[in-house]
There are 2 protein chains.
Amino acid sequence: MLRRVELRHLQVFVAVARAGTVTGAANVLELAPASVSEQVRRLENGLGVTLFDRTPRGMRLTAPGKALLERAQGLLDHADEVRRAVTGRRRRVTVGALEMLAATRLPGVVRRLAERRPDLDVDVRTLNRGQLLAAVADGGVDAALLLDAGMRIGTLGFRPPDGLDFLDVGEVALRLVAAPGGDARTLLVSPPECSIRMAVERMFAADVPRRELTSISTAREWVRQGLGRSLLPDFAVDADLDSGALVTVAPAPEECRAAQGAGGGKSLDASEGTGRSPALALRMVWTRGREAALRDVLYAMSD
Amino acid sequence: MLRRVELRHLQVFVAVARAGTVTGAANVLELAPASVSEQVRRLENGLGVTLFDRTPRGMRLTAPGKALLERAQGLLDHADEVRRAVTGRRRRVTVGALEMLAATRLPGVVRRLAERRPDLDVDVRTLNRGQLLAAVADGGVDAALLLDAGMRIGTLGFRPPDGLDFLDVGEVALRLVAAPGGDARTLLVSPPECSIRMAVERMFAADVPRRELTSISTAREWVRQGLGRSLLPDFAVDADLDSGALVTVAPAPEECRAAQGAGGGKSLDASEGTGRSPALALRMVWTRGREAALRDVLYAMSD
DNA sequence: AGGGGGCGTTCGGGACAACCGTATGCTGAG
DNA sequence: CTCAGCATACGGTTGTCCCGAACGCCCCCT
């Protein structure tokens with residue numbers, strides 16, 4: 001019987017808990033499923049606790065398993081910090097953000113981190129909403145900045161992977177804009193995975209015609225050139241509104257989606273279905289239990 | 001080449017750093033010296049850093065080794081805390097103290113800890129000064145309460161083991177007392193390892209006759225019965241002084257030890273050699289780097 | 001000067017853990 | 001009822017952990 005919990009076991013455990021299946025964790029760890037299964041069994045054996053309920057669909061955390069997951073993250077981070085302190089190697093963090101947020105908010109974040117933590121290398125990845133949540137959950141990025149709504153993460157769309165925590169650090173108003181004298185009917189939208197596209201789907205009825213573009217910045221450019229109207233975040237269009245290059249327009253009441261039935265999720269916000277521009281939360285997301293190791297990064301992102 | 005630092009390696013490393021020799025660590029860990037040596041080599045290999053200078057007298061920490069030692073303690077404590085949180089096992093700490101301090105101060109410490117941390121089992125060990133310092137250094141006790149003097153640990157006697165930290169939480173005045181009408185010449189002293197005996201040796205010239213007893217409480221009892229005079233801590237005799245069962249006496253000037261030469265250690269305090277009763281620091285000692293895990297215990301001890 | 005004791009390390013070997021590939025039993029979907 | 005996807009049991013290989021014994025080093029004591 002195993003006496004000591006080893007970091008290697010915790011690493012495997014975390015991978016299984018995040019992936020939800022032994023097979024998935026084995027892929028991430030580049031191991032055979034049999035090896036992963038054995039490690040988990042040894043860890044449970046050593047602790048004298050059952051960490052997972054085995055189902056034919058995967059591994060579901062038990063209560064002690066959840067307790068371990070929240071702490072294992074921090075312990076592995078702590079071990080990493082110790083190793084860095086001894087070897088003198090630099091620390092490397094990866095932050096992810098939506099395309100527009102990466103362009104507008106991340107430069108400031110990186111600059112603040114460079115001032116406060118010169119011994120820190122920051123990598124940036126720009127992904128869409130679903131990719132960001134998945135990347136935070138599986139460790140591909142350490143923290144992410146995205147747009148969401150409501151009191152719990154993932155209200156906007158995509159069921160949230162478990163074990164994530166978040167903090168809202170600002171609010172982004174969405175404005176329906178068009179070029180003065182341009183086409184004010186065609187609705188220019190970004191791909192379905194995009195946060196703002198999700199807001200569009202919640203705001204407009206399904207029968208309003210849409211033209212799908214590859215990104216928000218593309219949509220903004222098309223709107224500038226008078227090719228349609230689009231729902232865009234305030235920070236992306238306020239300059240154009242001030243200069244008069246763009247103007248806000250109102251949707252026709254019949255275009256707006258009816259308030260959804262009682263059975264579904266909670267309302268996006270009070271303006272849902274009324275046609276008024278909704279506001280989204282600027283939301284910082286990270287893996288629960290890693291606050292200690294990410295403290296400086298999270299502070300820099302929330303400034 | 002080892003990729004990952006494992007907790008087992010750190011445990012062995014800490015034992016070697018504390019013992020100062022591979023052989024000593026092997027005894028503590030109940031391993032063969034060869035195994036310990038191999039573990040250390042693997043750890044150094046995995047980190048890519050030399051942790052010890054090998055000498056024919058033992059193992060001396062290098063700079064990275066010292067950096068690791070201070071952090072390894074905390075990491076192992078963290079791992080213990082995680083294991084306890086998952087298994088639900090109770091936490092157990094051992095505190096040590098000098099005999100008189102265990103009698104007078106520890107009951108309050110234990111009571112405060114029982115209130116604030118009901119999930120904590122406290123063991124108490126009463127040891128003399130040298131044993132306490134050694135026990136803190138090798139992990140036999142988690143924290144200790146003793147008497148000392150000066151700005152650094154061990155000024156009173158015994159070379160301090162490395163890697164200890166301390167905080168003075170009070171002051172203890174030593175009073176030379178006797179029973180009214182009793183023998184006021186015979187100097188009743190405790191064994192040489194005792195903190196107060198060390199103070200006696202610093203205060204009185206070597207040719208003043210001493211009678212050695214087994215403990216401070218024994219000495220107090222003998223003084224009460226008029227069998228001599230003794231240098232005792234205030235908290236042990238103040239009640240008897242108030243009741244008149246004991247009185248303070250002054251040593252004759254010729255009994256006092258001359259101020260020591262310039263080559264030696266620092267002064268005990270300003271009163272050294274003057275015959276005035278010196279004051280000792282009530283000192284809390286623990287292993288550096290374990291503050292996080294011992295925080296509640298240290299707070300309770302310093303109240 | 002010479003040997004003894006204490007030190008860390010090396011060496012060969014045994015037990016066990018961490019991997020692998022494969023095979024098996026399970027359950028829900030089609 | 002088959003099939004896909006899942007976790008796991010089974011043999012086998014590699015590497016880690018541990019041992020006892022032998023070695024080389026240095027200091028100290030005679």
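Every chain is numbered from 1 and lettered A, B, ... according to where its sequence line falls, protein lines coming before strand lines.
For the side chain to side chain contact (heavy atoms under 4.5 Å, CB included) with B/Trp286, the qualifying choice from B/Val141, B/Asp165, B/Asp142 is B/Asp165, the only one to do so.
Contact between the side-chain N/O atoms of A/Arg42 and the OP1/OP2 oxygens of C/dA18 is found at a separation under 4.0 Å. Contact annotation: A/Arg54 does not reach the phosphate of D/dC6 (side-chain N/O to OP1 or OP2, under 4.0 Å). Remark: B/His9 is not in phosphate contact with D/dT16, judged by side-chain N or O atoms under 4.0 Å from OP1 or OP2. A close approach under 4.0 Å does occur between a side-chain nitrogen or oxygen of B/Arg8 and OP1 or OP2 of D/dC18.
Atom P of nucleotide D/dG15 and atom CG of B/Asn45 are separated by 15 Å, given to the nearest angstrom. One atom, CG of A/Asp53, and another, C1' of D/dC6, lie 15 Å apart when rounded to the nearest Å. Between the CD atom of B/Glu44 and the C1' atom of C/dT9 there is a distance of 12 Å, rounded to whole Å. The distance between atom CG of A/Leu43 and atom P of D/dT8, rounded to the nearest whole Å, is 13 Å. One atom, CE of B/Met59, and another, C1' of C/dG6, lie 14 Å apart when rounded to the nearest Å.
Not a single salt bridge (Lys or Arg N to Asp or Glu O under 4.0 Å) links A/Arg125 to another residue, sequence neighbours left out. By the salt bridge (Lys or Arg N to Asp or Glu O under 4.0 Å) test, A/Glu99 pairs with no residue at all, sequence neighbours left out. Applying the ring-ring contact (aromatic ring centres under 6.0 Å, His included) rule to A/Phe204 yields no partners; only residues at least two apart in sequence or on another chain are considered.
Between B/Arg197 and B/Glu212 there is a salt bridge, since at least one side-chain N of the basic residue sits less than 4.0 Å from a carboxylate O of the acidic one. The existence of a salt bridge linking B/Asp77 and B/Arg91 is excluded, since no basic side-chain nitrogen approaches an acidic carboxylate oxygen closer than 4.0 Å.
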Could you list all N or O pairs between the protein and nucleotides 23-30 of chain C that sit under 3.5 Å apart?
| unit_1 | atom_1 | unit_2 | atom_2 | d |
| --- | --- | --- | --- | --- |
| C/dG28 | O3' | A/Arg57 | NH1 | 3.3 |

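Against DNA chain C, the stretch residues 29-41 of chain A makes heavy-atom approaches under 4.0 Å through A/Glu30, A/Leu31, A/Ala32, A/Ala34, A/Ser35, A/Glu38, A/Gln39. Residues from residues 21-28 of chain B that place a heavy atom under 4.0 Å from any atom of DNA chain C, listed by number: B/Thr21, B/Val22, B/Thr23.
B/Leu145 has its side chain out of reach of B/Leu98: every pair of non-hydrogen atoms, C-beta onward, lies at least 4.5 Å apart. No side-chain heavy atom of A/Arg283 sits under 4.5 Å from any side-chain heavy atom of A/Leu147.
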List the steps, then state whether salt bridge (charged side-chain N to carboxylate O under 4.0 Å, His left out) holds for B/Arg42 with B/Glu38. CA-CA 6 Å; B/Arg42 273 186 206 284; B/Glu38 187 187 351; 2.8 Å; yes
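Rounded to the nearest 0.5 Å, atoms CG (A/Asn128) and CG (A/Leu133) are 9.5 Å apart.
B/Gln11 and B/Arg8 are linked by a side-chain donor-acceptor pair at a separation below 3.5 angstrom, with hydrogens and angles left out of the test.
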